[in-house]
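Order of the sequence lines sets the chain letters (A, B, ...), proteins ahead of strands, with each chain counted from 1. Source: prediction; values computed, not measured.
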There are 2 protein chains.
Amino acid sequence: MAVAPPRPKGPPLNALRAFEAASRLGGIAQAAEELCVTPGAVSQHIKALEAWAGVALFERRSQGVRLTAAGAELAPGFTAAFDQLGEAVGRLRAARGMRSINVAAMPSVALLWLSPRLAGLRAAIAPAEVAVFALEAPPGMTREPFDLSLFMRPEDDCPTGIPLSDGHMFPVCAPAMAADLHGPEDVRQMTLLHDQTWATDWQDWARACGVTLPTGRRGLSYSLYSLALSEAKAGAGILMGHDCLVEDALAAGELVAPFGARVASGRKLMLETSMTLQRSGQVQAIVGALSGEDQSR
Amino acid sequence: MAVAPPRPKGPPLNALRAFEAASRLGGIAQAAEELCVTPGAVSQHIKALEAWAGVALFERRSQGVRLTAAGAELAPGFTAAFDQLGEAVGRLRAARGMRSINVAAMPSVALLWLSPRLAGLRAAIAPAEVAVFALEAPPGMTREPFDLSLFMRPEDDCPTGIPLSDGHMFPVCAPAMAADLHGPEDVRQMTLLHDQTWATDWQDWARACGVTLPTGRRGLSYSLYSLALSEAKAGAGILMGHDCLVEDALAAGELVAPFGARVASGRKLMLETSMTLQRSGQVQAIVGALSGEDQSR
DNA sequence: AAATCGCCGTAGAAATTCTAAGGGTCATGC
DNA sequence: GCATGACCCTTAGAATTTCTACGGCGATTT
């Protein structure tokens, strides 16, 4: 008959959130990125939660973690609860009156596509402010405090999203280089510029065009698409261009597309909006500002 | 175009919980008690949340706080979310296999009613352990990690609860004092023993019995019912007895009920069980152990 | 066989969260 | 009218939690 602490304490809220994120994202490292902390912190949280509950939630394996049976059974409940909490937080944010819009975007999209449209966006939502966040992976819109999400990904991935590009890709290079290129096979001679996040682009393109690429050398690889694009402008090689990311450079004549053929990349530029923003009724204006003609540049 | 912190951070989870508790309980002090911290801590959390959102959630008034319009609109969403979270936590607790049962009870019930039945309860749920927590107010069963709740309160207050007493009250006193008492009116001569949490008991009884109590002197008042009961046994005065709390003393001959009449107190001993416990299928056995004959004493 | 990836463990550092104490306003009781 | 009690606020410092940093391990990849 213990009466010691006046109340039994529940589990730490943050540990719950860490578990939920890790279970949903399938890894401690991914959860850590979403929560903006180091993996060690997430690991500790989960361990603390397991100690509190007296149940193993994850099975530690060398190349990642797997949910145990108990963990798999419990996880959906937490995900649902945090979704609901996220929605409540969204309404709280909205109560302030949409004073600022948080935009999540891939680094390349933020730099190459959004940048010239930012002024238009800003004008469309004035007097609210815009904050752009470069993210590797698309955030869950109900969970995190983003209002707009701009990522290149399969259309099926986000049924609620609006496609803002056709999802085509095609080789591009500096105008000076284009003279030597008469057909797709000619790329075999060239230095191929790769983006690390889309490593299979060239292979996919080659398969679609019926061209066989030399397997040995792989050209240059960049962690940032915009870097690869700069190099392409400078004549360092030929880059696999994505419609929405290179259209400005093509329009400006900095790059050219030596071949007519465009193939589907499987990834379109998808625009997702938060519930919060949808309720505010500004989506229409924003989509207009983003998909309409660039007013600057 | 700020890109400074990789991600915009949501509001602190604990601040959300503090706001939810304060809104539901209608005060910072009550929330502080539920959360097991000082009111200052809750106050700070709420202030931090208001600063984050840029909206006033509470209106501070001299004798408490009131929700603002914005706060009132937002609060239900948070309550629902934390309810769901609480349920998920309940399932997490259950995953361990009900290794311990947390019982919440009023101090008086814990001491006078539960105490002699504890051995039976323990036997009924073996090998699980029992932990008893004395609480002033009944906890929300979905929210907090209690499995059993034993409080004296109006039956309507908890539709899901099981009444364990008739909710009758009647004066009791030491056997030696009873000789002078021939009818209800005689209590006017006596020292009345009061419990502070049920300050109107004597008035309610008097009204029901058609007796008018002297208004001036109010006898002795105790913060703990069990203390008042001890004093009554010692002959310090006459106490308003509640059926479930005095039955042991009556059976033992330590107290007697000088008048036959019993009046409804409006409060029965209500047993509430958590979802977690209900799912475990042990409720039947527990109710049996608690409402059956005491095996000890 | 070397490199890489993902997680763990620990210790110290950083940040959050809590308590304690003093002060104010309003209601209630004498 | 004045004391008393409720209730909340604020502030500073203390205690605790939480985070980072970094070396290590086991397994997969090159």
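A search for ring-ring contact (aromatic ring centres under 6.0 Å, His included) contacts involving Trp52(A) returns nothing, not counting sequence neighbours. Applying the salt bridge (Lys or Arg N to Asp or Glu O under 4.0 Å) rule to Glu231(A) yields no partners; only residues at least two apart in sequence or on another chain are considered. Take Asp201(A) and apply the side chain to side chain donor-acceptor pair (under 3.5 Å) test, not counting sequence neighbours, and it matches His242(A), Arg267(A). Among residues two or more places apart in sequence or in another chain, the salt bridge (Lys or Arg N to Asp or Glu O under 4.0 Å) test is passed with Arg207(B) by Asp204(B). For Arg143(A), the salt bridge (Lys or Arg N to Asp or Glu O under 4.0 Å) partners are Glu20(A), Asp83(A), not counting sequence neighbours.
Nearest approach of Thr68(A) to Ala56(A), heavy atoms of both residues: OG1-O, 2.8 Å. Taking all atoms of both residues into account, the shortest heavy-atom contact from Ser226(B) to Leu111(B) is OG-CD2, 3.4 Å. Heavy-atom minimum distance, Pro171(B) versus Ile238(B): CB-CD1, 3.8 Å.
The 12-atom threshold is not exceeded at CD of Glu73(A), counting heavy atoms of other residues, nucleotides or ligands nearer than 6.0 Å.
With salt bridges taken as basic N to acidic carboxylate O contacts below 4.0 Å, none links Glu136(A) and Arg153(A).
When the C1' atom of dC8(C) is taken as reference, atom NZ of Lys47(A) falls 8 Å away, rounded to whole Å. Computed from coordinates, the Lys9(A) NZ to dC18(C) C1' distance equals 16 Å when rounded to whole Å. Rounding to whole angstrom units, CD of residue Glu59(A) and P of dC7(C) are separated by 13 Å. In this structure, Ile28(A) atom CD1 and dG9(C) atom P are separated by 10 Å, rounded to whole Å.
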Are any protein N/O atoms closer than 3.5 Å to N/O atoms in nucleotides 21-30 of chain C? If there are, list each pair with its distance.
residue, atom, partner, partner atom, Å
dC26(C), O4', Ser62(B), OG, 3.0

Output one line per pair: protein atom, nucleotide atom from nucleotides 11-17 of chain C, and distance, for all N/O pairs under 3.5 Å.
residue, atom, partner, partner atom, Å
dT17(C), OP1, Asn14(B), ND2, 3.4

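Here Ser43(A) does not reach the OP1 or OP2 of dC7(C): none of its side-chain N or O atoms lies under 4.0 Å away.
Legend: ring pair (Phe, Tyr, Trp, His ring centres under 6.0 Å) pairs involving residues 16-38 of chain A, not counting sequence neighbours, sorted by first then second residue: Phe19(A)-Phe58(A), Phe19(A)-Phe78(A). Judged as a side-chain hydrogen bond (donor to acceptor under 3.5 Å, both in side chains), the pairs with a partner in residues 26-46 of chain A (not counting sequence neighbours) are, in order, Arg24(A)-Glu34(A).
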For residues 85-106 of chain A, tabulate all N or O donor-acceptor pairs below 3.5 Å that involve a side-chain atom, not counting sequence neighbours.
residue, atom, partner, partner atom, Å
Glu87(A), OE2, Arg91(A), NH1, 3.0
Arg93(A), NH2, Asp147(A), OD1, 2.6
Arg93(A), NH2, Asp147(A), OD2, 2.7
Arg96(A), NE, Ala53(B), O, 3.4
Asn102(A), ND2, Pro145(A), O, 2.9

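Reading DNA chain D from its 5' end, the first and the last nucleotide to sit under 4.0 Å from a heavy atom of chain B are dC7(D) to dA12(D).
Taking the screw axis at each terminus of the helix from dA1(C)-dT30(D) to dC30(C)-dG1(D) from five consecutive base pairs, the angle between the two is 30° to within rounding of 10 degrees.
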